[in-house]
Engineer: 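Handing you this structure, nothing more for now.
Computed from heavy atoms alone, side chains included, the values below leave out hydrogens, waters and symmetry copies.
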Amino acid sequence: MTAEISPKDRFITVYGRNPVHEVLLDDDLVVDKVVLADNAHGSGVREIQQAARRRGIEVQRTSAERVKKLAGNGRQDQGVFADVVAPRMLPLEAALAQGTLRTVLVLDGITTPANVGMILRTATAAGVDGIVVPRRGVASLDPLVVKASAGVAFKAPIIKAFTADEAAGSLKDHGFHIVGLDAHGDDDLFAAHLPEPVAFVLGSETAGLTPEVAELVDTWVSIPMAAGVESLNVSAAAAVVCFELVRRARL
């Protein structure tokens with residue numbers, strides 16, 4: 001199975017001179033390679049080269065256009081990117097094949113990097129088995145997400161899929177109970193029967209779940225609110241869900 005995992009499902013690509021320098025200074029992170037544009041020069045580039053040399057990490061030179069393409073963000077790459085190994089990141093098929101998933105979050109339409117980063121941090125801290133971060137419709141795993149996660153993104157059990165509905169459908173086919181959050185959900189999160197394996201799907205605050213994902217939901221739950229508050233930020237709601245799972249696991 002490992003041989004079938006592509007590089008994009010093994011690495012988190014960090015771009016920009018300061019972010020790349022920071023990951024090179026962190027000896028706890030495994031950096032596969034650093035790629036510099038041919039026209040990248042200056043003190044920041046020299047610091048990157050020195051830090052990479054200290055750790056014995058390969059530095060490749062290529063065209064600026066190729067750096068833009070490989071980094072995936074031509075406006076902010078500053079002529080450099082690094083591929084950082086994310087040891088727990090897997091494509092969905094490989095994660096399911098391992099047979100160890102019991103609790104999963106699926107992100108659907110969450111486009112704010114800060115929210116994605118905070119969800120990764122919280123879910124990892126709570127011991128959730130997997131967080132599905134689709135390639136389409138969700139903020140990409142970029143330096144903004146890494147910063148919001150306080151670096152936890154590199155260690156998070158990230159599951160890669162193409163879309164949220166594809167992931168939710170595959171999880172459902174593998175016996176997962178699909179749970180959606182909604183202010184008008186039929187059940188209270190803290191009282192609902194949630195059989196494992198369970199996957200919580202989390203949508204954007206404004207649009208909620210996409211229709212394709214909503215159709216797959218088995219149970220709708222709500223987080224009890226007081227004082228007329230209608231909803232929580234999605235990262236706060238994710239934290240409530242994650243630690244409710246912790247509470248249940250201890251019963």
Side-chain angles (χ1 to χ4, degrees), residues 5-35 48 51 55 57 70-73 76-78 80-92 94-95 98 101 103-164 167 199-204 233-239 241-243 245-246:
I5 299 175
S6 69
K8 64 185 176 184
D9 289 325
R10 295 179 53 231
F11 305 133
I12 292 178
T13 299
V14 175
Y15 54 79
R17 297 185 183 187
N18 285 338
V20 168
H21 191 224
E22 286 173 6
V23 299
L24 288 171
L25 293 178
D26 187 342
D27 291 339
D28 290 333
L29 297 177
V30 177
V31 180
D32 181 73
K33 64 178 175 296
V34 175
V35 180
I48 288 169
R55 296 186 55 186
I57 295 166
L70 294 175
N73 192 316
Q76 297 175 326
D77 62 66
Q78 297 179 314
V80 61
F81 72 86
D83 282 335
V84 183
V85 175
R88 300 179 70 190
M89 188 162 73
L90 288 171
L92 179 60
Q98 289 184 346
L101 296 179
T103 56
V104 174
L105 299 184
V106 179
L107 309 191
D108 178 26
I110 302 174
T111 57
T112 304
N115 283 335
V116 174
M118 287 186 283
I119 291 170
L120 292 177
R121 181 176 176 83
T122 300
T124 303
V128 170
D129 295 326
I131 310 113
V132 177
V133 184
R135 292 189 186 90
R136 177 179 289 179
V138 172
S140 60
L141 296 170
D142 65 9
L144 294 175
V145 168
V146 171
K147 183 176 181 179
S149 77
V152 173
F154 297 121
K155 307 168 188 175
I158 294 168
I159 297 174
K160 301 305 294 291
F162 187 59
T163 62
F200 277 85
V201 286
L202 303 172
S204 71
N233 169 279
V234 66
S235 63
V241 167
C242 289
F243 284 94
L245 292 173
V246 171

Engineer: Please examine the side chains of Ile158 and Arg88, heavy atoms only from C-beta on, and report whether any two atoms are closer than 4.5 Å.
Structural biologist: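 A side-chain contact under 4.5 Å is absent here.
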Engineer: Please check: side-chain N/O of Ser149 versus main-chain N/O of Val146, any donor-acceptor pairing under 3.5 Å?
Structural biologist: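 Yes.
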Engineer: Listed by chain and number, what are the side-chain hydrogen bond (donor to acceptor under 3.5 Å, both in side chains) partners of Lys147, not counting sequence neighbours?
Structural biologist: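 Lys147 satisfies side-chain hydrogen bond (donor to acceptor under 3.5 Å, both in side chains) with no residue once adjacent residues are dropped.
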Engineer: Show the nearest heavy-atom pair for residues Ala150 and Arg121, with the distance to one decimal.
Structural biologist: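 Heavy-atom minimum between the residues: CB-NH1, 3.1 Å.
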Engineer: With sequence neighbours left out, what residues match Asp32 under side-chain hydrogen bond (donor to acceptor under 3.5 Å, both in side chains)?
Structural biologist: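 In terms of side-chain hydrogen bond (donor to acceptor under 3.5 Å, both in side chains), with neighbours along the sequence ignored, Asp32 is linked to no residue.
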Engineer: Given side chains that start at C-beta, do those of Leu24 and Ile48 come closer than 4.5 Å, heavy atoms only?
Structural biologist: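 With C-beta onward as the side chain, the pair touches.
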Engineer: Tell me the closest heavy-atom pair linking Ala126 and Cys242, and the distance in Å.
Structural biologist: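 In terms of heavy atoms, the two residues are closest at CB-CB, 3.7 Å.
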Engineer: Of all the heavy-atom pairs spanning Ala139 and Val133, show the shortest one and how long it is.
Structural biologist: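 That would be O-CG1, 4.2 Å.
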Engineer: Could you tell me which non-hydrogen atom of Ala82 sits nearest to which non-hydrogen atom of Val31, and how far apart they are?
Structural biologist: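 Taking Ala82 first and Val31 second, the nearest heavy atoms are CB-CG1, 4.1 Å.
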Engineer: Quick one: pull up CG in Asp83 and NZ in Lys33 and give me the separation to the nearest 0.5 Å.
Structural biologist: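 So the CG of Asp83 and the NZ of Lys33 are separated by 4.0 Å.
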Engineer: Would you say Val104 and Val132 make side-chain contact, with heavy atoms under 4.5 Å?
Structural biologist: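 Result yes, sub-4.5 Å side-chain heavy-atom pair found.
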Engineer: May I ask you to test the Leu202-Asp108 pair for a side-chain heavy-atom distance under 4.5 Å?
Structural biologist: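 Leu202 does not reach Asp108 side chain to side chain.
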Engineer: Using a strict threshold of under 4.0 Å (side-chain N to carboxylate O), is an ion pair present between Asp77 and Arg17?
Structural biologist: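 The answer is no: the pair does not qualify as a salt bridge.
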Engineer: Show the nearest heavy-atom pair for residues His21 and Ala51, with the distance to one decimal.
Structural biologist: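 Looks like CD2-CB, 4.0 Å.
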Engineer: Return yes if some donor-acceptor pair links the side-chain N/O of Asp142 with the main-chain N/O of Val145 below 3.5 Å, else return no.
Structural biologist: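 Yes: the side chain of Asp142 pairs with the backbone of Val145.
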Engineer: Show your working on side chain to side chain contact (heavy atoms under 4.5 Å, CB included) between Phe154 and Val85 and close with a plain yes or no.
Structural biologist: CA-CA 7 Å; Phe154 297 121; Val85 175; over 6 Å; no
Engineer: With side chain to side chain contact (heavy atoms under 4.5 Å, CB included) as the criterion, how do Val84 and Val30 come out once you've worked through the C-alpha distance, each side chain's angles and the decisive distance to 0.1 Å?
Structural biologist: CA-CA 6 Å; Val84 183; Val30 177; over 6 Å; no
Engineer: Given the rule in the side chain to side chain contact (heavy atoms under 4.5 Å, CB included) test, do Asn115 and Met118 qualify, once you have shown the distances and angles that lead to the verdict?
Structural biologist: CA-CA 5 Å; Asn115 283 335; Met118 287 186 283; 3.9 Å; yes
Engineer: Could you state the interatomic distance from CD (Gln76) to OH (Tyr15), rounded to the nearest 0.5 Å?
Structural biologist: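 It is 5.0 Å, given to the nearest 0.5 Å.
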Engineer: I'd like to know if the side chain of Thr103 reaches the main chain of Asp129, judged simply by a donor and an acceptor atom lying under 3.5 Å from each other, with no hydrogens or angles considered.
Structural biologist: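 Pair found, side chain donor or acceptor close to backbone of Asp129.
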Engineer: Sequence neighbours left out, what passes side-chain hydrogen bond (donor to acceptor under 3.5 Å, both in side chains) with Thr124? Give chain and number order.
Structural biologist: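 None.
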Engineer: Do side-chain atoms of Arg55 reach the backbone of Asp26 as a donor and acceptor pair under 3.5 angstrom?
Structural biologist: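 Present.
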Engineer: Could you measure the distance from the CG atom of Leu92 to the CG atom of Leu101? Nearest 0.5 Å is fine.
Structural biologist: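 So the gap between those two atoms works out to 8.0 Å.
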Engineer: Out of curiosity, Arg135 CZ to Lys160 NZ, how far, rounded to the nearest 0.5 Å?
Structural biologist: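 If I round to the nearest 0.5 Å, the distance is 5.0 Å.
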Engineer: With side chains defined as the heavy atoms from C-beta onward, is the minimum distance between Val116 and Leu107 less than 4.5 Å?
Structural biologist: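 When only atoms from C-beta onward are counted, Leu107 and Val116 do touch, with a gap below 4.5 Å.
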Engineer: Ignoring hydrogens, what is the shortest heavy-atom contact between Ala153 and Leu120? Give both atom names and the distance.
Structural biologist: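 In terms of heavy atoms, the two residues are closest at CB-CD1, 3.9 Å.
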Engineer: Do Gln98 and Leu90 touch side chain to side chain, with heavy atoms closer than 4.5 Å?
Structural biologist: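 Answer yes - side chains close enough.
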Engineer: For a 4.5 angstrom cut-off between non-hydrogen side-chain atoms, does Pro157 reach Ile131?
Structural biologist: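 A side-chain contact exists here, since the closest heavy-atom pair is under 4.5 Å.
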Engineer: Does Val14 reach the side chain of Phe81, with side-chain heavy atoms less than 4.5 Å apart?
Structural biologist: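 No, too far: nothing below the 4.5 Å cut-off.
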